[in-house]
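What follows is one structure encoded as structure tokens, with my remarks underneath.
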Amino acid sequence: MAQFVERVAIEWYEVQAGRVHVRKGHPSHLKVNALKKLFETEKVPGITGFWTTRDRCIHFKLNFPQDLRPAVRAIVDP
């Protein structure tokens, strides 16, 4: 899966223990800080992540919480 995401993603974020790691891309500091603030207050299972593709769609791993998806879309989507 990682090879597939590496090929199609323009930005790839991984969330682990409330920390946001940028695996691919160069997002702005404002975007990363907003994501960090969001995940500090919310509980996220194990290791999860999301990525954006060239057509600006945001894709989430299956274990990403449903209730956090709109908040992440609001931050990441321009």
Side-chain angles (χ1 to χ4, degrees):
M1 171 126 174
Q3 293 173 343
F4 171 74
V5 175
E6 185 69 35
R7 255 187 322 166
V8 299
I10 57 172
E11 288 182 353
W12 178 14
Y13 304 90
E14 194 171 79
V15 182
Q16 180 179 6
R19 293 187 172 151
V20 178
H21 302 281
V22 179
R23 299 283 309 259
K24 184 177 180 183
H26 301 285
S28 68
H29 289 289
L30 293 174
K31 190 184 294 187
V32 174
N33 288 339
L35 288 170
K36 285 180 182 180
K37 184 182 283 187
L38 174 69
F39 291 119
E40 283 176 354
T41 59
E42 298 290 334
K43 295 292 181 189
V44 181
I47 300 173
T48 189
F50 57 95
W51 59 94
T52 59
T53 55
R54 285 187 180 95
D55 57 357
R56 304 307 293 168
C57 286
I58 301 172
H59 301 274
F60 298 93
K61 279 188 164 182
L62 294 176
N63 65 344
F64 198 89
Q66 291 284 337
D67 57 331
L68 289 178
R69 292 179 185 199
V72 169
R73 283 189 181 104
I75 294 170
V76 176
D77 199 25

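Owing to the predicted nature of the structure, the values given are computational and were not obtained by experimental measurement.
- Under the side-chain hydrogen bond (donor to acceptor under 3.5 Å, both in side chains) criterion, N63 pairs with T48, not counting sequence neighbours.
- Between the CD1 atom of I10 and the CG atom of D55 there is a distance of 8.5 Å, given to the nearest 0.5 Å.
- With sequence neighbours left out, the side-chain contact (heavy atoms from CB on, under 4.5 Å) criterion links I58 to F50, T52, F60, R73, V76, D77.
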Can you give the donor-acceptor pairs under 3.5 Å from side chains of residues 20-28 to other protein atoms, not counting sequence neighbours?
| from | atom 1 | to | atom 2 | distance (Å) |
| --- | --- | --- | --- | --- |
| R23 | NH1 | E14 | OE2 | 3.0 |
| K24 | NZ | E6 | O | 2.6 |
| K24 | NZ | A9 | O | 2.8 |
| S28 | OG | K31 | N | 3.2 |

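- Hydrophobic clustering keeps L30 apart from I75 (ILVMFWY residues linked when any side-chain heavy atoms are closer than 4.5 Å, directly or through intermediates).
- Within 6.0 Å of atom CZ in R19, 12 or fewer heavy atoms from other residues, nucleotides or ligands are found, so the atom counts as exposed in its surroundings.
- For the pair F64 and R69, the tightest heavy-atom approach, listed with the atom from each and the gap, is O-NH2, 3.1 Å.
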